[in-house]
Protein chains: 2
Amino acid sequence: MAILGIELSINEKLYQRNPQRTELGRSILRHSILMIDELGLERFNFRKLAERIGSTEASVYRYFENKQLLLVYLVNWYWEWMRFRIDMKAMHINDPKEKLRVAICCIVDTAKRNARIEFIDEDVLHRIVVAEGAKAYHNKEVDAQNKDGFFWSYKELCNRIANIILENNPSFPYPRALASSLLEMANNHIYFAEHLPRLTEVKEEGDLLKQVELLLLYFAWRLVFPSEEQSEQAAGHRFNSQSGQVWH
Amino acid sequence: MAILGIELSINEKLYQRNPQRTELGRSILRHSILMIDELGLERFNFRKLAERIGSTEASVYRYFENKQLLLVYLVNWYWEWMRFRIDMKAMHINDPKEKLRVAICCIVDTAKRNARIEFIDEDVLHRIVVAEGAKAYHNKEVDAQNKDGFFWSYKELCNRIANIILENNPSFPYPRALASSLLEMANNHIYFAEHLPRLTEVKEEGDLLKQVELLLLYFAWRLVFPSEEQSEQAAGHRFNSQSGQVWH
DNA sequence: AAATAATGATAGTTTTGCTATCATTATTAG
DNA sequence: CTAATAATGATAGCAAAACTATCATTATTT
């Protein structure tokens, strides 16, 4: 997929025909995102999608085997996009702490549309990932699908974040667990704030994403930094170290 | 539901007829748990269930409106059971730290069958909660269902844990978020260890549940305790601090 | 023994998930 | 510019899933 000339590659086994290369394919992507958001995954189906885009069920099936794989394709796109953004932003940063801050910012921020890809509405895709993302790998075919590399993007994304965590604290015992937890928390606490507010301190009102970012920063900072740096704390703006850096 | 003479109450709107009160109802519960575990939620349906228990589809529908609500019923049972166990175990403990340790133990441990309720196999139910639990509230009806109190048990469970967190550190800013995250992490890291091992440090081999418990304890301790207490650490036994703590 | 409630048996409806066939329209290659 | 080839549309159909309805039968309660 061409973004600023760079290609995000999605596992080829996820589709029958590359949806990005044709008008119909892009239409399938665009409207499946909108419809899954509107109807939810279970009420969404290829018949309704075909009707909406003025095509036929058979044609849609020529691109994706079924809606489960279409969902996996979409969340892969999201994960790839997030990983790309983290790589971009972190590339030229030397300070590992700043790198981690930027990564967490990306985790929460990938929602906001940046690349102008006509056929993917990142805002809506983000809502899908929040609401339905976990269903991509919660099914009886996980192991087979994992073998086919369907979750490579997610694992690689997790890996990137884990490495940044290790740069900050090489002896942190749970870099991957923290990375995946931060990714999952980002989605969960948005969802909780909107639907089950008693499960989180994040409030629907106000800047929800900013609150989630602060939450993740708080958790990450407390966990990865040896306690002498705790004084500096996580919270957002006033993250300039008033106190000199000690560690490393 | 009678366990040692105590009743776990499940929201009455979740069922048409109370499944615990009849032979058929209990058979539905027992075998739906087994079949969802075997087939996964999407391949499981009331026709197959009816066939297996030697009854009819119509009869099953007299107990539960559909399989989504049956799932919600089952995970509610699990949440209620966990909350009950935490209350029981924490009741007579005064030390808040010990209370938190016990709560985390329950979060991970509710898997292991304790109450001998003939028609609920806690081991298998736990696997269902791990693999399918999130689907209980990831659907387009959340808000309506939440209004009907379908998630009260989960929220109340979260609340219990959040209160224990606050007993340990009254100024901890994210008690609910940490509580829900611990609950979600417990499930996720078991699932990851078994299916997507690169997302966690928890290994499938060895005592998986013990590892998850140590992970949760590590996170909880680092997060809720002011750093002078870090030295004592979470994981009970071998968390002795080699390095002296400085901050505060 | 009569009334009531739960189940079984059977049937039928609508929707979903998916495949097949063939004609038509683009696209590309020679 | 035509011939080949690829993609789409149109239509059909089928098997399963997700229900609902009816009525007879069997328990249970009173």
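Below, each value reflects all heavy atoms present in this structure, side chains not excepted, and no hydrogens, waters or symmetry copies. Residue numbering restarts at 1 for every chain, and letters A, B, ... go by the order of the sequence lines.
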Please identify each residue that fulfils salt bridge (charged side-chain N to carboxylate O under 4.0 Å, His left out) with [X], with sequence neighbours left out.
X	answer
K135(A)	E42(A), E132(A)
E23(B)	R26(B)
R160(B)	D87(B), E156(B)
E141(A)	R43(B)

Quiz item: Looking at residues at least two apart in the chain, or sitting in another chain, which of them share a ring pair (Phe, Tyr, Trp, His ring centres under 6.0 Å) with F151(A)?
Solution: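 F151(A) satisfies ring pair (Phe, Tyr, Trp, His ring centres under 6.0 Å) with no residue once adjacent residues are dropped.
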Practice problem: Return the set of residues passing ring pair (Phe, Tyr, Trp, His ring centres under 6.0 Å) with Y78(B) (not counting sequence neighbours), or none when no residue passes. | Solution: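 Per chain and number, Y78(B) pairs via ring pair (Phe, Tyr, Trp, His ring centres under 6.0 Å) with H126(B).
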Practice problem: Would you jot down, in residue-number order, the residues of residues 133-141 of chain A having a non-hydrogen atom under 4.0 Å from DNA chain D? | Solution: none
Within the structure, does a side-chain N or O atom of [X] lie under 4.0 Å from either OP1 or OP2 of [N]?
X	N	value
R17(B)	dT7(C)	yes
T56(B)	dA9(C)	no
K48(A)	dT16(C)	yes

Exercise. Could you list the residues that satisfy side-chain contact (heavy atoms from CB on, under 4.5 Å) with Q211(B), not counting sequence neighbours?
Key: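 So Q211(B) forms a side-chain contact (heavy atoms from CB on, under 4.5 Å) with V202(B), K203(B).
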Rounded to whole Å, how long is the line connecting atom [atom1] of [X] with atom [atom2] of [N]?
X	N	atom1	atom2	value
I53(A)	dA10(D)	CD1	C1'	15 Å
R47(B)	dT20(D)	CZ	C1'	13 Å
E57(B)	dT7(C)	CD	P	16 Å

Quiz item: Do any of residues 58-71 of chain B sit with a heavy atom less than 4.0 Å from DNA chain C, and if so which?
Solution: S59(B), R62(B), Y63(B)
Self-check item: Within residues 22-45 of chain B, residues whose heavy atoms come under 4.0 Å of DNA chain C
Solution: T22(B), L24(B)
Quiz prompt | Sequence neighbours excluded, every pair satisfying ring pair (Phe, Tyr, Trp, His ring centres under 6.0 Å) that has a member inside residues 185-214 of chain A | solution =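 Non-adjacent pairs meeting ring pair (Phe, Tyr, Trp, His ring centres under 6.0 Å): H189(A)-F192(A), Y191(A)-H195(A), Y191(A)-H138(B).
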Quiz item: Just by distance, with hydrogens left out, do Y63(A) and T22(A) show a side-chain donor and acceptor under 3.5 Å apart?
Solution: yes
Exercise. Mind checking the CG-CD1 spacing from L216(B) to I104(B)? Nearest 0.5 Å is all I need.
Key: 6.0 Å
Quiz prompt | Q145(B): partners by side chain to side chain donor-acceptor pair (under 3.5 Å), with sequence neighbours left out | solution = none
